[in-house]
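Position 1 is the first residue of the sequence, and the numbers go up from there.
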Amino acid sequence: MIETIIVLAPLFAAAIAGLGQRFLGDKLAMAITTGTLGIACALSLYTFAMFTWGGAPERVTELFRFVDVAGFTSTWSVRIDALSVVMLVVVTVVSFLVHVYSIGYMDEDPHKARFFSYLSFFTFAMLALVTANDLLQMFFGWEGVGLASYLLIGFWYQNKAPNDAAIKAFVVNRVGDFGFALGIMAAFFCYGSIEFHGIFEAAKAAPDMMLGVGDFQVRAIEAVCVLLFIGAMGKSAQFFLHTWLPDAMEGPTPVSALIHAATMVTAGVFMVCRLSELYHMAPIAAGFVTIIGAATAFFAATVGLAQNDIKRVVAYSTCSQLGYMFFAAGVGAYNVAMFHLFTHAFFKALLFLGAGSVIHGLHHEQDMRRMGGVRKPMPITWAMMLIGTLALIGFGIPGVFGFAGFYSKDAAIEAAFAAGEEHLLGAELAFWAGISAALLTSFYSWRLMFMTFEGAYRGAAHGHDKNGHDSHGHEPHGHDAHAAPGAAPAHESPPVMLWPLYALAFGAVFAGFLFAPYFIGEMATPFWRNVIHLPHGGHHDFPAWVIWAPLIVTAAGFLFACFFYLWNAGLGARIAAAGGPIHGFLYNKWFFDEIYDFVFVKGARALGDFFWKWGDQKTIDGLGPDGVSASTRFFSRQMRKVQTGLVYHYSFIMLIAAVGFGAYAIWAVGQGAQ
């Protein structure tokens, strides 16, 4: 009963706030959605506690028959096990805090009820996804969060950029979702079931089943796992299907924290971990997951070096951290992947909401080049961002204490090293990519902190245009109109925006230390209860350099950032202004957008033009109806010239015809005589 309330309550709140906003008003709509999420959050924490420490059993609550067609059945269920209770906490805690934060952040927006309705609908779709007991319900939630992200990214639909970003996210995710749908079909075709337990049992019974056409045959389990992972690549913004994530920052900042930091983008990681029994039996597919995750971790970290929009820097750090989760899952450390997902939710939501606090305090300015000196007018936001940064870079002393990211990210790197010693596909690449990404993450994270909070203010007053409006058309707040010269015209955010930061900061500091024993330590086996495939072999003794390497490269990244942005202030700006091929390559995000635009957008348009102009107009229409009608018109015009009404013209034609027939008769007689 409790789990049913957790899943369905946000749906009813979204419907009430969205459909009844004219009658309820913004304040009551916000109160209903936020209060409902608060209840769902409290019940989720209770469910997690009872499952983890109270000995509550795993259970599946069937609500109604969803689909039943020719043996293809799906029952809408709420599955409670170790994986789902972890995700319930992640989704509801972050969603509730985002709802509270949005009360302050969206205070000036005229469409608050619609915004809060979208937030609650997203939460319902995500909860339906993580509590699914089969692939079809998971796909329903998968598409539900896709719809919600489209609505939230394009919330400010009056402007072109949010509309374009929403469409881009929707289209790119359709590519991955097509692979996911094919994976569901392949699983049902091969194993006769889409329910998780049924798929696992059938796959174990026939591990060498082949699937293919003619002489092209592959192991069915490999094909199913690769197809399903393509869906995860789109939803979790992995290499090749990552291009939508940075553009999604066009939505309101609370959207970035909810969808693109802590919940929706982690759906792919959750799906791979949910199907760990399959991926454990599919080494090639698991290697593919490892390689893509490693490439994403490194690629996104390099691009983050050259971005100037504060939200885009955090967005690329999300992309990179998702790479850590995937290569951990790819090498078989599914518990490590889920642990990093869990800790990442706290510090990444903290960073996004902290960035939103900066943007709010600077009157909707997002370009770090026009920031600086923000620490003094916004000391609380600075402290919260500092905690989030330390958690993101994984700062900690091995064997002593560290922030949340220290426990989970280092565990992912160590898992890749251990898998490399076992010569698993892509594991060694993942280890070195993880180390390199840790160095780059430290550099761009401290770059963000220094450019935003240190030095002198570099922007114009308020960061508004000549008409006094910000980039979204909002009026100025009216604060700090007489700020001292060189000081940032900023103001600290209201308490309703700061309290969620305090809660997330607590998680960013202590979540790793408190929950490491349960996720990856001595309590892992009783905590996970065989829901995911745990690494075998017990404790692994790592060389000292492997244990200390993440801290060393993190410290090096900090020193490099100090050199460029503190000790030689302006050096980074001069390098950027000078351009150069490396800076251009990173600033333009490896030119993925330009390549995709040329190949897919312009290529599709050129192909369409070819089939339209040459195939349809010139070939089909030209030789078909248009050609026949044109020929008829031509010959009719020529025949019309003969119809003059003059007798001697008709006589002449008759004479010509008689001569012609006569000549033909003479020729025919001659041929017959021969």
Side-chain angles (χ1 to χ4, degrees), residues 3-11 14 37 40-41 44 47-48 60-64 66-67 74-95 98 118-152 169-170 173-174 176-177 179-181 183-184 187 194-196 199 228-238 258-276 322 325-326 329 334 337-338 341-342 344-345 531-532:
E3 54 268 27
T4 304
I5 295 174
I6 294 173
V7 175
L8 297 182
L11 175 63
L37 258 297
C41 177
S44 296
T47 303
F48 179 84
V60 176
T61 303
E62 297 184 353
L63 301 183
F64 56 88
F66 190 31
V67 174
S74 174
T75 300
W76 191 283
S77 307
V78 180
R79 182 185 182 93
I80 294 298
D81 58 19
L83 269 177
S84 61
V85 296
V86 169
M87 294 303 296
L88 286 179
V89 169
V90 169
V91 174
T92 57
V93 168
V94 174
S95 181
V98 166
Y118 291 169
L119 287 182
S120 292
F121 174 72
F122 168 84
T123 306
F124 157 72
M126 193 68 197
L127 292 173
L129 188 158
V130 301
T131 58
N133 193 44
D134 61 43
L135 288 173
L136 188 62
Q137 184 183 334
M138 179 180 282
F139 189 70
F140 177 90
W142 199 271
E143 295 303 299
V145 293
L147 170 62
S149 69
Y150 172 80
L151 296 172
L152 286 166
F170 199 79
N173 272 275
R174 295 292 71 71
D177 294 350
F180 194 176
I184 296 173
I194 58 170
E195 190 265 329
F196 297 131
I199 294 174
L228 293 173
F229 178 65
I230 291 174
M233 288 175 62
K235 196 65 68 183
S236 296
Q238 291 301 282
L258 178 63
I259 297 180
H260 307 107
T263 50
M264 172 178 149
V265 293
T266 60
V269 180
F270 169 79
M271 185 265 285
V272 172
C273 293
R274 171 63 80 192
L275 301 175
S276 62
L322 289 166
M325 300 176 206
F326 274 111
Y334 303 100
M338 287 300 300
L341 184 158
F342 181 76
H344 175 264
V531 172
I532 59 176

Stepwise side-chain contact (heavy atoms from CB on, under 4.5 Å) test for L258 and S95: CA-CA 6 Å; L258 178 63; S95 181; 3.8 Å; yes
Dump the intermediate steps for side-chain contact (heavy atoms from CB on, under 4.5 Å) on M138 and R274, then the final yes or no. CA-CA 11 Å; M138 179 180 282; R274 171 63 80 192; 4.2 Å; yes
Apply side-chain contact (heavy atoms from CB on, under 4.5 Å) to residues V86 and F270 and explain how you reach the verdict. CA-CA 10 Å; V86 169; F270 169 79; over 6 Å; no
L135 and I199: CA distance, side-chain angles, deciding distance, side-chain contact (heavy atoms from CB on, under 4.5 Å) verdict: CA-CA 10 Å; L135 288 173; I199 294 174; 3.6 Å; yes
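Going from atom OG1 of T123 over to atom CD1 of I6 covers 13.0 Å, rounded to the nearest 0.5 Å. How far CG of L228 is from CZ of F139: 10.5 Å, rounded to the nearest 0.5 Å. The CG atom of L147 sits 9.0 Å away from atom CG of L152, with the distance rounded to the nearest 0.5 Å. The distance from the CG atom of L88 to the CZ atom of F48 is 10.5 Å, given to the nearest 0.5 Å. Here the CD atom belonging to E143 is positioned 8.5 Å from the CG atom belonging to N173, to the nearest 0.5 angstrom.
Panel note: side chain S276, backbone C273; a donor-acceptor pair is recorded below 3.5 Å. Using modelled atom types, no side-chain atom of S77 and backbone atom of V60 make a donor-acceptor pair closer than 3.5 Å. The backbone N or O of S84 lies less than 3.5 Å from a partner atom in the side chain of D81, making a donor-acceptor pair.
The two atoms that bring V145 and M126 nearest to each other are CG1-N, 3.6 Å, heavy atoms only. In plain terms, the two heavy atoms of V89 and S44 that are nearest each other are CG2-O, 3.9 Å. For S74 against Q137, the heavy-atom pair with the smallest separation is OG-N, 4.3 Å. The nearest pair of heavy atoms linking S236 to L322 is O-CD1, 3.1 Å. Residues C41 and V93 share a closest heavy-atom pair of SG-CG2, 3.6 Å. Taking every heavy atom of both residues into account, W76 and F66 meet most closely at N-CB, 3.9 Å.
Side chains of L127 and T92 form a contact here, defined as non-hydrogen atoms less than 4.5 Å apart. Side-chain contact between M271 and L129: absent, with no pair of heavy atoms (C-beta onward) separated by less than 4.5 Å. In this structure, M325 and V272 have side chains that are not in contact, with every pair of non-hydrogen atoms separated by 4.5 Å or more.
In this structure T75 satisfies the side-chain hydrogen bond (donor to acceptor under 3.5 Å, both in side chains) test together with R65, sequence neighbours excluded.
In the displayed structure, Y150 atom OH is contacted under 6.0 Å by at most 12 heavy atoms of other residues, nucleotides or ligands.
R174 forms a cation-pi arrangement with F170, by the criterion of a distance under 6.0 Å to the ring centre and an angle within 45° of the ring axis.
In this structure, a donor-acceptor pair under 3.5 Å is absent between the side chains of E3 and T131.
Between F124 and F140, the angle of the ring planes goes over 60°, which puts this pair in the perpendicular group of the 30/60° scheme.
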